> 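Can you keep this structure in mind? I'll have questions shortly.
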Protein chains: 4
Amino acid sequence: MAAFEIVLPVRFGQVDYAGIMFYPRFFENFHTAFEDMFGERLGMPYMSILKERRIGFPTVHIETDFRRPFRFGEPMRLVVDVTRIGRTSTTLRYRGFHGDEVEPSVEAHGTIVSIHLDTFETLEFPPDIRAVLEELAC
Amino acid sequence: MAAFEIVLPVRFGQVDYAGIMFYPRFFENFHTAFEDMFGERLGMPYMSILKERRIGFPTVHIETDFRRPFRFGEPMRLVVDVTRIGRTSTTLRYRGFHGDEVEPSVEAHGTIVSIHLDTFETLEFPPDIRAVLEELAC
Amino acid sequence: MAAFEIVLPVRFGQVDYAGIMFYPRFFENFHTAFEDMFGERLGMPYMSILKERRIGFPTVHIETDFRRPFRFGEPMRLVVDVTRIGRTSTTLRYRGFHGDEVEPSVEAHGTIVSIHLDTFETLEFPPDIRAVLEELAC
Amino acid sequence: MAAFEIVLPVRFGQVDYAGIMFYPRFFENFHTAFEDMFGERLGMPYMSILKERRIGFPTVHIETDFRRPFRFGEPMRLVVDVTRIGRTSTTLRYRGFHGDEVEPSVEAHGTIVSIHLDTFETLEFPPDIRAVLEELAC
(Lines give C-alpha, C1' and ligand atoms only; values in the text may rest on other atoms or scores of the structure.)
Protein backbone atom coordinates (compact mmCIF):
# COMPACT_ATOMS: atom_id res chain seq x y z
CA MET A 1 0.00 0.00 0.00
CA ALA A 2 0.91 3.63 0.39
CA ALA A 3 -0.02 6.48 -1.89
CA PHE A 4 -3.11 6.30 -4.06
CA GLU A 5 -2.65 7.08 -7.73
CA ILE A 6 -5.05 7.98 -10.51
CA VAL A 7 -4.62 9.44 -13.99
CA LEU A 8 -7.04 12.16 -15.08
CA PRO A 9 -6.69 13.77 -18.50
CA VAL A 10 -7.22 17.52 -18.72
CA ARG A 11 -10.66 17.83 -20.27
CA PHE A 12 -11.71 20.08 -23.15
CA GLY A 13 -13.93 22.11 -20.82
CA GLN A 14 -11.39 22.37 -18.00
CA VAL A 15 -9.01 24.75 -19.74
CA ASP A 16 -9.47 28.50 -19.64
CA TYR A 17 -8.90 31.29 -22.13
CA ALA A 18 -5.14 30.94 -21.63
CA GLY A 19 -5.41 27.32 -22.82
CA ILE A 20 -4.35 25.80 -19.52
CA MET A 21 -6.25 24.03 -16.75
CA PHE A 22 -8.39 26.67 -15.01
CA TYR A 23 -7.00 26.54 -11.49
CA PRO A 24 -10.31 25.88 -9.66
CA ARG A 25 -10.66 22.70 -11.72
CA PHE A 26 -7.59 21.20 -10.00
CA PHE A 27 -9.58 21.08 -6.78
CA GLU A 28 -12.37 19.16 -8.52
CA ASN A 29 -9.76 16.63 -9.65
CA PHE A 30 -8.37 16.40 -6.11
CA HIS A 31 -11.86 15.59 -4.86
CA THR A 32 -12.37 12.98 -7.57
CA ALA A 33 -9.11 11.32 -6.45
CA PHE A 34 -10.23 11.55 -2.81
CA GLU A 35 -13.56 9.85 -3.60
CA ASP A 36 -11.96 7.10 -5.67
CA MET A 37 -9.25 6.52 -3.07
CA PHE A 38 -11.82 5.93 -0.36
CA GLY A 39 -13.91 3.69 -2.57
CA GLU A 40 -10.93 1.51 -3.40
CA ARG A 41 -9.22 1.42 -0.02
CA LEU A 42 -12.31 1.12 2.14
CA GLY A 43 -13.96 -1.53 -0.02
CA MET A 44 -17.24 0.38 -0.08
CA PRO A 45 -18.33 3.35 -2.16
CA TYR A 46 -17.35 6.74 -0.78
CA MET A 47 -20.98 7.80 -0.80
CA SER A 48 -21.93 5.13 1.73
CA ILE A 49 -19.79 6.91 4.33
CA LEU A 50 -21.84 10.03 3.81
CA LYS A 51 -25.26 8.58 3.08
CA GLU A 52 -25.42 5.68 5.48
CA ARG A 53 -23.00 6.70 8.20
CA ARG A 54 -23.67 10.45 7.91
CA ILE A 55 -19.99 11.33 8.17
CA GLY A 56 -18.49 14.11 6.06
CA PHE A 57 -15.06 15.64 5.57
CA PRO A 58 -15.18 19.36 4.82
CA THR A 59 -11.91 21.00 3.84
CA VAL A 60 -10.88 23.62 6.39
CA HIS A 61 -7.54 24.62 4.91
CA ILE A 62 -5.73 24.01 1.66
CA GLU A 63 -2.57 25.45 0.21
CA THR A 64 -1.47 24.80 -3.31
CA ASP A 65 1.54 25.46 -5.50
CA PHE A 66 0.98 25.52 -9.23
CA ARG A 67 4.43 25.05 -10.69
CA ARG A 68 3.81 24.11 -14.28
CA PRO A 69 0.56 24.42 -16.20
CA PHE A 70 -1.44 21.52 -17.59
CA ARG A 71 -2.70 21.87 -21.13
CA PHE A 72 -5.78 20.34 -22.76
CA GLY A 73 -5.37 16.60 -23.20
CA GLU A 74 -2.32 16.21 -21.01
CA PRO A 75 -2.76 13.33 -18.59
CA MET A 76 -2.41 14.37 -14.96
CA ARG A 77 -1.02 11.62 -12.77
CA LEU A 78 -2.46 12.45 -9.38
CA VAL A 79 -0.86 10.94 -6.27
CA VAL A 80 -2.61 11.18 -2.91
CA ASP A 81 -1.02 10.51 0.45
CA VAL A 82 -1.33 11.69 4.04
CA THR A 83 1.16 13.91 5.88
CA ARG A 84 -0.58 14.14 9.26
CA ILE A 85 -3.32 12.27 11.09
CA GLY A 86 -5.04 13.72 14.12
CA ARG A 87 -7.98 12.57 16.15
CA THR A 88 -10.60 14.49 14.16
CA SER A 89 -8.60 16.01 11.31
CA THR A 90 -5.99 14.95 8.79
CA THR A 91 -3.84 16.53 6.10
CA LEU A 92 -3.78 15.02 2.64
CA ARG A 93 -1.19 15.78 0.03
CA TYR A 94 -2.15 15.89 -3.64
CA ARG A 95 0.61 15.90 -6.19
CA GLY A 96 -0.08 16.19 -9.90
CA PHE A 97 2.62 15.06 -12.31
CA HIS A 98 3.13 15.40 -16.02
CA GLY A 99 3.59 11.80 -17.14
CA ASP A 100 6.45 10.06 -15.38
CA GLU A 101 8.24 13.16 -14.16
CA VAL A 102 9.50 13.08 -10.59
CA GLU A 103 8.84 16.73 -9.77
CA PRO A 104 5.16 17.49 -9.20
CA SER A 105 3.70 20.21 -11.42
CA VAL A 106 1.05 20.96 -8.82
CA GLU A 107 1.17 20.21 -5.11
CA ALA A 108 -1.52 20.78 -2.51
CA HIS A 109 -1.80 20.15 1.20
CA GLY A 110 -5.40 20.03 2.30
CA THR A 111 -6.73 19.59 5.82
CA ILE A 112 -10.11 17.99 6.30
CA VAL A 113 -12.13 17.56 9.45
CA SER A 114 -14.36 14.64 10.29
CA ILE A 115 -17.89 15.80 11.10
CA HIS A 116 -21.36 14.45 11.62
CA LEU A 117 -23.36 15.56 8.59
CA ASP A 118 -26.54 16.21 10.56
CA THR A 119 -25.02 18.40 13.26
CA PHE A 120 -21.75 19.51 11.61
CA GLU A 121 -20.02 18.67 14.92
CA THR A 122 -16.52 17.26 14.77
CA LEU A 123 -16.18 13.55 15.27
CA GLU A 124 -13.25 11.19 15.83
CA PHE A 125 -12.32 9.24 12.72
CA PRO A 126 -13.97 5.81 12.92
CA PRO A 127 -11.39 2.98 13.02
CA ASP A 128 -11.88 1.81 9.42
CA ILE A 129 -11.48 5.31 8.03
CA ARG A 130 -8.48 5.95 10.26
CA ALA A 131 -6.94 2.73 8.95
CA VAL A 132 -7.29 3.99 5.37
CA LEU A 133 -5.57 7.25 6.32
CA GLU A 134 -2.77 5.39 8.08
CA GLU A 135 -2.13 3.28 5.01
CA LEU A 136 -1.74 6.51 3.05
CA ALA A 137 0.76 8.00 5.51
CA CYS A 138 3.98 8.98 3.78
CA MET B 1 -43.90 43.07 -16.46
CA ALA B 2 -43.10 40.32 -18.90
CA ALA B 3 -39.76 38.74 -19.67
CA PHE B 4 -36.97 38.77 -17.11
CA GLU B 5 -33.60 40.02 -18.29
CA ILE B 6 -30.10 39.71 -16.91
CA VAL B 7 -26.64 40.32 -18.38
CA LEU B 8 -23.94 37.74 -17.64
CA PRO B 9 -20.45 38.18 -19.08
CA VAL B 10 -18.72 35.08 -20.38
CA ARG B 11 -16.18 34.27 -17.69
CA PHE B 12 -12.50 33.42 -18.13
CA GLY B 13 -13.10 29.89 -16.89
CA GLN B 14 -16.26 29.30 -18.94
CA VAL B 15 -14.60 29.09 -22.33
CA ASP B 16 -13.15 25.87 -23.67
CA TYR B 17 -10.11 25.00 -25.74
CA ALA B 18 -11.84 26.45 -28.82
CA GLY B 19 -12.05 29.81 -27.03
CA ILE B 20 -15.84 29.87 -26.88
CA MET B 21 -18.33 29.29 -24.09
CA PHE B 22 -18.22 25.57 -23.24
CA TYR B 23 -21.78 24.53 -24.02
CA PRO B 24 -22.60 22.97 -20.61
CA ARG B 25 -21.87 26.37 -19.04
CA PHE B 26 -24.87 27.89 -20.83
CA PHE B 27 -27.13 25.75 -18.68
CA GLU B 28 -25.46 27.08 -15.53
CA ASN B 29 -26.20 30.60 -16.75
CA PHE B 30 -29.82 29.64 -17.47
CA HIS B 31 -30.15 28.42 -13.89
CA THR B 32 -28.59 31.60 -12.52
CA ALA B 33 -31.17 33.61 -14.47
CA PHE B 34 -33.93 31.32 -13.21
CA GLU B 35 -32.85 31.81 -9.57
CA ASP B 36 -32.54 35.57 -9.90
CA MET B 37 -35.85 35.85 -11.72
CA PHE B 38 -37.68 34.09 -8.90
CA GLY B 39 -35.91 36.16 -6.26
CA GLU B 40 -36.90 39.39 -7.96
CA ARG B 41 -40.43 38.52 -9.05
CA LEU B 42 -41.48 36.60 -5.95
CA GLY B 43 -40.08 39.13 -3.50
CA MET B 44 -38.31 36.41 -1.54
CA PRO B 45 -35.06 34.59 -2.18
CA TYR B 46 -35.31 31.60 -4.49
CA MET B 47 -33.77 29.40 -1.80
CA SER B 48 -36.69 30.00 0.55
CA ILE B 49 -38.99 28.16 -1.87
CA LEU B 50 -36.73 25.13 -1.60
CA LYS B 51 -35.58 25.36 2.00
CA GLU B 52 -38.71 26.52 3.75
CA ARG B 53 -41.46 25.33 1.46
CA ARG B 54 -39.64 22.21 0.26
CA ILE B 55 -40.66 22.73 -3.35
CA GLY B 56 -38.24 22.05 -6.19
CA PHE B 57 -38.30 22.31 -9.98
CA PRO B 58 -36.24 19.65 -11.69
CA THR B 59 -35.77 19.99 -15.43
CA VAL B 60 -37.36 17.08 -17.28
CA HIS B 61 -36.71 18.21 -20.84
CA ILE B 62 -34.64 20.88 -22.48
CA GLU B 63 -33.80 21.59 -26.08
CA THR B 64 -31.29 24.17 -27.13
CA ASP B 65 -30.07 25.77 -30.33
CA PHE B 66 -26.60 27.24 -30.27
CA ARG B 67 -26.57 29.61 -33.25
CA ARG B 68 -23.56 31.79 -32.66
CA PRO B 69 -20.76 31.24 -30.17
CA PHE B 70 -20.00 33.48 -27.20
CA ARG B 71 -16.38 34.38 -26.65
CA PHE B 72 -14.58 35.23 -23.42
CA GLY B 73 -15.68 38.60 -22.06
CA GLU B 74 -18.68 39.02 -24.32
CA PRO B 75 -21.74 40.03 -22.33
CA MET B 76 -24.64 37.64 -22.73
CA ARG B 77 -28.01 39.32 -22.42
CA LEU B 78 -30.24 36.54 -21.16
CA VAL B 79 -34.01 36.89 -21.51
CA VAL B 80 -36.33 34.47 -19.71
CA ASP B 81 -40.02 34.04 -20.43
CA VAL B 82 -42.63 31.29 -20.33
CA THR B 83 -44.19 29.59 -23.34
CA ARG B 84 -46.54 27.18 -21.56
CA ILE B 85 -48.00 26.80 -18.08
CA GLY B 86 -49.58 23.59 -16.92
CA ARG B 87 -50.89 22.48 -13.57
CA THR B 88 -47.63 20.89 -12.40
CA SER B 89 -45.18 21.75 -15.18
CA THR B 90 -44.17 24.74 -17.24
CA THR B 91 -41.89 25.51 -20.17
CA LEU B 92 -39.43 28.36 -19.89
CA ARG B 93 -37.65 29.92 -22.81
CA TYR B 94 -34.10 31.21 -22.41
CA ARG B 95 -32.70 33.42 -25.12
CA GLY B 96 -29.13 34.67 -25.05
CA PHE B 97 -28.27 37.69 -27.16
CA HIS B 98 -25.04 39.35 -28.17
CA GLY B 99 -25.53 42.93 -27.00
CA ASP B 100 -28.60 44.55 -28.50
CA GLU B 101 -29.07 42.15 -31.38
CA VAL B 102 -32.60 41.01 -32.06
CA GLU B 103 -31.78 37.46 -33.11
CA PRO B 104 -30.88 35.24 -30.17
CA SER B 105 -27.48 33.55 -30.41
CA VAL B 106 -28.65 30.75 -28.15
CA GLU B 107 -32.22 29.65 -27.49
CA ALA B 108 -33.47 26.99 -25.11
CA HIS B 109 -36.88 25.65 -24.18
CA GLY B 110 -36.77 23.89 -20.84
CA THR B 111 -39.61 22.12 -19.09
CA ILE B 112 -39.59 21.93 -15.32
CA VAL B 113 -41.88 20.05 -13.00
CA SER B 114 -43.02 21.17 -9.60
CA ILE B 115 -42.23 18.55 -6.96
CA HIS B 116 -42.13 18.10 -3.23
CA LEU B 117 -38.44 17.90 -2.32
CA ASP B 118 -38.94 15.27 0.37
CA THR B 119 -40.97 12.83 -1.70
CA PHE B 120 -40.13 13.91 -5.27
CA GLU B 121 -43.86 13.68 -6.02
CA THR B 122 -45.34 16.19 -8.44
CA LEU B 123 -47.24 19.06 -6.95
CA GLU B 124 -49.51 21.78 -8.33
CA PHE B 125 -47.78 25.12 -8.59
CA PRO B 126 -48.71 27.18 -5.51
CA PRO B 127 -50.64 30.37 -6.44
CA ASP B 128 -47.76 32.82 -5.85
CA ILE B 129 -45.37 30.80 -8.01
CA ARG B 130 -48.02 30.37 -10.68
CA ALA B 131 -48.52 34.13 -10.68
CA VAL B 132 -44.82 34.66 -11.34
CA LEU B 133 -44.96 32.23 -14.26
CA GLU B 134 -48.07 33.94 -15.67
CA GLU B 135 -46.36 37.30 -15.59
CA LEU B 136 -43.56 35.78 -17.64
CA ALA B 137 -45.92 34.35 -20.25
CA CYS B 138 -45.01 35.56 -23.73
CA MET C 1 -18.04 -2.39 -32.72
CA ALA C 2 -21.05 -0.21 -32.21
CA ALA C 3 -21.98 1.96 -29.27
CA PHE C 4 -19.31 3.30 -26.94
CA GLU C 5 -19.86 2.76 -23.24
CA ILE C 6 -18.37 4.32 -20.14
CA VAL C 7 -19.35 4.32 -16.46
CA LEU C 8 -19.14 7.62 -14.59
CA PRO C 9 -20.16 7.81 -10.94
CA VAL C 10 -22.11 10.86 -9.81
CA ARG C 11 -19.56 12.95 -7.95
CA PHE C 12 -19.95 14.62 -4.55
CA GLY C 13 -19.76 18.04 -6.17
CA GLN C 14 -22.10 17.25 -9.06
CA VAL C 15 -25.29 17.08 -7.04
CA ASP C 16 -27.34 20.15 -6.23
CA TYR C 17 -29.33 21.27 -3.23
CA ALA C 18 -32.03 18.73 -4.12
CA GLY C 19 -29.42 15.95 -3.76
CA ILE C 20 -29.54 14.93 -7.42
CA MET C 21 -27.20 15.47 -10.34
CA PHE C 22 -27.37 19.18 -11.23
CA TYR C 23 -28.65 19.00 -14.81
CA PRO C 24 -25.84 21.05 -16.44
CA ARG C 25 -23.38 18.45 -15.15
CA PHE C 26 -24.90 15.79 -17.41
CA PHE C 27 -23.57 17.69 -20.40
CA GLU C 28 -20.08 17.67 -18.91
CA ASN C 29 -20.36 13.89 -18.61
CA PHE C 30 -21.56 13.64 -22.22
CA HIS C 31 -18.48 15.55 -23.32
CA THR C 32 -16.20 13.34 -21.25
CA ALA C 33 -17.72 10.30 -22.97
CA PHE C 34 -17.32 12.00 -26.36
CA GLU C 35 -13.62 12.70 -25.70
CA ASP C 36 -12.91 9.20 -24.45
CA MET C 37 -14.83 7.62 -27.33
CA PHE C 38 -12.71 9.45 -29.89
CA GLY C 39 -9.50 8.62 -28.07
CA GLU C 40 -10.34 4.94 -28.00
CA ARG C 41 -11.87 4.54 -31.45
CA LEU C 42 -9.48 6.79 -33.37
CA GLY C 43 -6.36 5.40 -31.73
CA MET C 44 -5.07 8.87 -30.95
CA PRO C 45 -5.94 11.30 -28.18
CA TYR C 46 -8.98 13.47 -28.83
CA MET C 47 -6.87 16.58 -28.26
CA SER C 48 -4.67 15.80 -31.25
CA ILE C 49 -7.66 16.32 -33.56
CA LEU C 50 -8.04 19.81 -32.16
CA LYS C 51 -4.44 20.77 -31.48
CA GLU C 52 -2.66 19.29 -34.46
CA ARG C 53 -5.38 19.11 -37.08
CA ARG C 54 -7.26 22.23 -35.91
CA ILE C 55 -10.64 20.59 -36.26
CA GLY C 56 -13.39 21.18 -33.71
CA PHE C 57 -16.95 20.01 -33.18
CA PRO C 58 -19.16 22.64 -31.60
CA THR C 59 -22.63 21.55 -30.54
CA VAL C 60 -25.31 23.39 -32.50
CA HIS C 61 -28.37 21.66 -31.11
CA ILE C 62 -29.09 19.31 -28.25
CA GLU C 63 -32.30 18.02 -26.77
CA THR C 64 -32.42 16.04 -23.60
CA ASP C 65 -34.97 14.10 -21.58
CA PHE C 66 -34.28 13.66 -17.90
CA ARG C 67 -36.50 10.77 -16.89
CA ARG C 68 -35.13 9.66 -13.56
CA PRO C 69 -32.69 11.53 -11.34
CA PHE C 70 -29.19 10.36 -10.49
CA ARG C 71 -28.15 10.62 -6.87
CA PHE C 72 -24.70 11.08 -5.38
CA GLY C 73 -22.57 7.99 -5.83
CA GLU C 74 -24.83 6.24 -8.30
CA PRO C 75 -22.88 4.95 -11.27
CA MET C 76 -24.11 6.32 -14.59
CA ARG C 77 -23.61 3.92 -17.46
CA LEU C 78 -23.30 6.20 -20.44
CA VAL C 79 -23.82 4.78 -23.93
CA VAL C 80 -22.91 6.85 -26.99
CA ASP C 81 -23.97 6.09 -30.54
CA VAL C 82 -24.80 7.97 -33.73
CA THR C 83 -28.27 8.42 -35.22
CA ARG C 84 -27.39 10.48 -38.31
CA ILE C 85 -24.24 11.28 -40.28
CA GLY C 86 -24.08 14.13 -42.75
CA ARG C 87 -21.27 15.63 -44.74
CA THR C 88 -20.34 18.26 -42.14
CA SER C 89 -22.60 17.44 -39.19
CA THR C 90 -23.72 14.43 -37.22
CA THR C 91 -26.14 13.61 -34.44
CA LEU C 92 -24.93 11.68 -31.42
CA ARG C 93 -27.19 9.99 -28.92
CA TYR C 94 -26.21 9.84 -25.26
CA ARG C 95 -28.12 7.51 -23.01
CA GLY C 96 -27.46 7.32 -19.28
CA PHE C 97 -28.61 4.23 -17.43
CA HIS C 98 -28.92 3.30 -13.79
CA GLY C 99 -26.86 0.11 -13.57
CA ASP C 100 -28.11 -2.59 -15.91
CA GLU C 101 -31.54 -1.17 -16.53
CA VAL C 102 -32.76 -1.22 -20.11
CA GLU C 103 -34.66 2.07 -20.03
CA PRO C 104 -32.36 5.09 -20.11
CA SER C 105 -32.79 7.51 -17.21
CA VAL C 106 -31.46 10.34 -19.34
CA GLU C 107 -31.37 10.58 -23.12
CA ALA C 108 -29.91 13.30 -25.30
CA HIS C 109 -29.60 13.85 -29.02
CA GLY C 110 -26.86 16.33 -29.81
CA THR C 111 -25.85 17.65 -33.21
CA ILE C 112 -22.29 18.74 -33.76
CA VAL C 113 -20.73 20.44 -36.74
CA SER C 114 -17.24 19.90 -38.04
CA ILE C 115 -15.36 23.19 -38.27
CA HIS C 116 -11.88 24.53 -38.78
CA LEU C 117 -10.80 25.92 -35.43
CA ASP C 118 -8.96 28.90 -36.91
CA THR C 119 -11.75 30.14 -39.16
CA PHE C 120 -14.82 28.49 -37.58
CA GLU C 121 -15.87 27.53 -41.12
CA THR C 122 -17.64 24.21 -41.61
CA LEU C 123 -15.59 21.38 -42.96
CA GLU C 124 -16.34 17.92 -44.28
CA PHE C 125 -15.56 15.17 -41.80
CA PRO C 126 -12.12 13.75 -42.62
CA PRO C 127 -12.29 10.04 -43.58
CA ASP C 128 -10.85 8.67 -40.31
CA ILE C 129 -13.29 10.67 -38.20
CA ARG C 130 -16.17 9.73 -40.48
CA ALA C 131 -15.20 6.08 -40.06
CA VAL C 132 -15.42 6.42 -36.27
CA LEU C 133 -18.89 7.94 -36.60
CA GLU C 134 -20.01 5.18 -38.96
CA GLU C 135 -18.89 2.52 -36.52
CA LEU C 136 -21.08 4.21 -33.92
CA ALA C 137 -24.15 4.27 -36.16
CA CYS C 138 -27.10 2.54 -34.53
CA MET D 1 -10.63 53.52 -3.16
CA ALA D 2 -9.21 50.49 -1.46
CA ALA D 3 -10.70 47.04 -1.34
CA PHE D 4 -13.07 45.85 -4.06
CA GLU D 5 -16.35 44.35 -2.91
CA ILE D 6 -18.95 42.20 -4.60
CA VAL D 7 -21.86 40.12 -3.34
CA LEU D 8 -22.34 36.68 -4.87
CA PRO D 9 -25.17 34.43 -3.66
CA VAL D 10 -24.41 30.74 -3.24
CA ARG D 11 -26.06 29.15 -6.25
CA PHE D 12 -28.30 26.08 -6.33
CA GLY D 13 -25.66 24.13 -8.27
CA GLN D 14 -22.71 25.27 -6.17
CA VAL D 15 -23.57 23.28 -3.07
CA ASP D 16 -22.50 19.69 -2.62
CA TYR D 17 -24.10 16.63 -1.07
CA ALA D 18 -23.45 18.10 2.40
CA GLY D 19 -25.58 21.11 1.44
CA ILE D 20 -22.73 23.61 1.63
CA MET D 21 -20.69 25.41 -1.00
CA PHE D 22 -18.47 22.78 -2.68
CA TYR D 23 -15.02 24.13 -1.87
CA PRO D 24 -13.68 24.29 -5.46
CA ARG D 25 -16.55 26.68 -6.27
CA PHE D 26 -15.07 29.31 -3.92
CA PHE D 27 -12.16 29.66 -6.32
CA GLU D 28 -14.55 30.28 -9.22
CA ASN D 29 -16.13 33.06 -7.16
CA PHE D 30 -12.69 34.51 -6.38
CA HIS D 31 -11.97 34.64 -10.10
CA THR D 32 -15.30 36.28 -10.84
CA ALA D 33 -14.44 38.97 -8.27
CA PHE D 34 -10.97 39.35 -9.79
CA GLU D 35 -12.42 39.82 -13.29
CA ASP D 36 -15.03 42.32 -12.15
CA MET D 37 -12.51 44.23 -10.04
CA PHE D 38 -10.24 44.75 -13.04
CA GLY D 39 -13.12 45.73 -15.27
CA GLU D 40 -14.29 48.36 -12.81
CA ARG D 41 -10.95 49.73 -11.68
CA LEU D 42 -9.18 49.70 -15.02
CA GLY D 43 -12.08 51.20 -16.93
CA MET D 44 -11.86 48.52 -19.61
CA PRO D 45 -13.12 44.94 -19.66
CA TYR D 46 -10.81 42.39 -18.07
CA MET D 47 -10.82 40.41 -21.30
CA SER D 48 -9.17 43.25 -23.21
CA ILE D 49 -6.03 42.81 -21.08
CA LEU D 50 -5.85 39.22 -22.22
CA LYS D 51 -7.18 39.46 -25.75
CA GLU D 52 -5.66 42.70 -26.95
CA ARG D 53 -2.61 43.07 -24.77
CA ARG D 54 -1.90 39.33 -24.46
CA ILE D 55 -1.16 39.55 -20.74
CA GLY D 56 -2.33 36.88 -18.36
CA PHE D 57 -2.14 36.25 -14.61
CA PRO D 58 -1.88 32.58 -13.73
CA THR D 59 -2.15 31.67 -10.06
CA VAL D 60 1.08 30.13 -8.79
CA HIS D 61 0.18 29.74 -5.14
CA ILE D 62 -2.99 30.01 -3.10
CA GLU D 63 -3.76 29.18 0.48
CA THR D 64 -7.24 29.22 1.86
CA ASP D 65 -8.95 28.90 5.22
CA PHE D 66 -12.55 27.78 5.22
CA ARG D 67 -13.83 28.80 8.64
CA ARG D 68 -17.58 28.65 8.31
CA PRO D 69 -19.57 27.01 5.54
CA PHE D 70 -21.83 28.85 3.12
CA ARG D 71 -25.22 27.32 2.49
CA PHE D 72 -27.40 27.52 -0.60
CA GLY D 73 -28.83 31.01 -1.06
CA GLU D 74 -26.61 32.73 1.48
CA PRO D 75 -25.10 35.89 0.03
CA MET D 76 -21.31 35.89 0.10
CA ARG D 77 -19.84 39.35 0.47
CA LEU D 78 -16.47 39.01 -1.19
CA VAL D 79 -13.77 41.60 -0.47
CA VAL D 80 -10.60 41.70 -2.56
CA ASP D 81 -7.44 43.58 -1.67
CA VAL D 82 -3.71 43.26 -2.17
CA THR D 83 -1.16 42.32 0.51
CA ARG D 84 2.02 42.44 -1.58
CA ILE D 85 3.09 43.88 -4.92
CA GLY D 86 6.26 42.80 -6.66
CA ARG D 87 7.68 43.56 -10.05
CA THR D 88 6.10 40.59 -11.81
CA SER D 89 3.91 39.03 -9.12
CA THR D 90 1.41 40.12 -6.52
CA THR D 91 -0.60 38.57 -3.70
CA LEU D 92 -4.32 39.14 -3.53
CA ARG D 93 -6.43 38.50 -0.50
CA TYR D 94 -10.00 37.26 -0.89
CA ARG D 95 -12.25 37.38 2.13
CA GLY D 96 -15.78 36.03 2.05
CA PHE D 97 -18.20 37.22 4.72
CA HIS D 98 -21.63 36.15 5.81
CA GLY D 99 -23.66 39.36 5.53
CA ASP D 100 -22.22 42.19 7.63
CA GLU D 101 -20.09 40.06 9.91
CA VAL D 102 -16.58 41.33 10.63
CA GLU D 103 -14.87 37.96 10.74
CA PRO D 104 -14.39 36.41 7.30
CA SER D 105 -15.89 32.95 6.86
CA VAL D 106 -13.39 32.16 4.14
CA GLU D 107 -10.02 33.77 3.55
CA ALA D 108 -7.55 33.15 0.74
CA HIS D 109 -4.18 34.56 -0.18
CA GLY D 110 -3.41 33.96 -3.83
CA THR D 111 -0.24 34.87 -5.70
CA ILE D 112 -0.47 35.57 -9.41
CA VAL D 113 2.30 36.18 -11.89
CA SER D 114 2.16 38.50 -14.84
CA ILE D 115 3.00 36.66 -18.06
CA HIS D 116 2.88 37.12 -21.80
CA LEU D 117 0.13 34.81 -23.03
CA ASP D 118 1.96 33.81 -26.19
CA THR D 119 5.26 32.84 -24.57
CA PHE D 120 4.20 32.29 -20.93
CA GLU D 121 7.27 34.34 -19.94
CA THR D 122 7.02 36.58 -16.91
CA LEU D 123 6.52 40.24 -17.54
CA GLU D 124 6.63 43.36 -15.39
CA PHE D 125 3.19 44.68 -14.53
CA PRO D 126 2.34 47.48 -16.98
CA PRO D 127 1.85 50.85 -15.19
CA ASP D 128 -1.97 50.94 -15.45
CA ILE D 129 -2.33 47.43 -14.02
CA ARG D 130 0.21 48.20 -11.30
CA ALA D 131 -1.82 51.30 -10.40
CA VAL D 132 -4.93 49.15 -9.94
CA LEU D 133 -3.03 46.81 -7.64
CA GLU D 134 -1.63 49.73 -5.63
CA GLU D 135 -5.09 51.13 -5.10
CA LEU D 136 -6.07 47.74 -3.70
CA ALA D 137 -3.14 47.61 -1.28
CA CYS D 138 -4.31 47.15 2.29
Side-chain angles (χ1 to χ4, degrees), chain A residues 7-33 35 47-48 50-52 54 56 58-59 62-78 94 96 98-99 105-108 110 115-121, chain B residues 7-33 35 47-48 50-52 54 56 58-59 62-78 94 96 98-99 105-108 110 115-121:
Chain A
V7 177
L8 297 170
V10 178
R11 296 291 177 184
F12 180 71
Q14 287 187 314
V15 298
D16 56 29
Y17 176 76
I20 60 173
M21 182 97 158
F22 184 45
Y23 89 81
R25 309 279 176 242
F26 282 95
F27 301 99
E28 298 179 30
N29 277 12
F30 297 163
H31 210 280
T32 292
E35 294 175 40
M47 70 153 172
S48 65
L50 289 95
K51 278 193 177 170
E52 287 151 34
R54 305 295 299 155
T59 294
I62 189 160
E63 44 190 286
T64 311
D65 286 298
F66 303 95
R67 298 194 188 116
R68 193 181 138 197
F70 281 87
R71 295 174 181 283
F72 167 46
E74 289 183 336
M76 185 187 305
R77 184 166 56 89
L78 205 49
Y94 297 91
H98 281 87
S105 299
V106 60
E107 176 165 352
I115 62 161
H116 195 287
L117 276 182
D118 297 319
T119 61
F120 271 63
E121 276 171 31
Chain B
V7 177
L8 297 170
V10 177
R11 297 291 177 183
F12 181 71
Q14 286 187 315
V15 298
D16 55 30
Y17 177 75
I20 60 174
M21 184 96 158
F22 184 46
Y23 89 82
R25 308 281 176 241
F26 281 96
F27 300 100
E28 298 178 30
N29 278 10
F30 297 164
H31 209 280
T32 292
E35 294 175 39
M47 70 153 171
S48 65
L50 290 94
K51 278 193 178 170
E52 287 151 33
R54 304 298 298 156
T59 294
I62 188 161
E63 44 191 287
T64 310
D65 286 298
F66 303 95
R67 297 194 187 117
R68 192 180 139 199
F70 281 87
R71 293 172 184 284
F72 167 45
E74 289 182 337
M76 185 188 303
R77 185 167 56 90
L78 205 49
Y94 298 91
H98 281 87
S105 298
V106 60
E107 177 165 352
I115 63 162
H116 195 286
L117 276 183
D118 297 318
T119 61
F120 271 65
E121 277 172 30

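A note on names: the letters A, B, ... follow the listed sequences, proteins ahead of strands, and every chain is numbered from 1. A quick note: this is a predicted structure, and the numbers were derived from the prediction, not measured.
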> Tell me, for A/Arg71 versus chain B, whether the close heavy atoms (under 4.5 Å) come from the side chain, the backbone, both or neither.
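No part of it gets close to chain B.
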> Is there side-chain contact between B/Phe30 and B/Val106, with heavy atoms separated by less than 4.5 Å?
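Side-chain contact under 4.5 Å: yes.
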> Of the non-hydrogen atoms in B/Met76 and B/Gly96, which two are nearest, and what is the gap between them?
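Heavy atoms only, the tightest pair is CG-CA, 4.1 Å.
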> Between B/Phe70 and B/Pro75, what is the shortest heavy-atom contact and its length?
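Looking at all heavy atoms of both residues, the shortest contact is CE2-O, 4.1 Å.
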> For B/Arg25, is it the side chain, the backbone, both, or neither that has a heavy atom closer than 4.5 Å to a heavy atom of chain A?
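For B/Arg25, the contact with chain A is made by the side chain alone.
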> Quick check: do B/Thr59 and B/Phe27 have side-chain heavy atoms less than 4.5 Å from each other?
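Contact flag for B/Thr59/B/Phe27 side chains = no.
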> Using heavy-atom distances under 4.5 Å, tell me whether B/Phe22 contacts chain A through its side chain, its backbone, both, or neither.
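Only the side chain of B/Phe22 comes within 4.5 Å of chain A.
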> Need one label for B/Phe72: side chain, backbone, both or neither, based on atoms under 4.5 Å from any heavy atom in chain A.
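Contact with chain A: side chain only.
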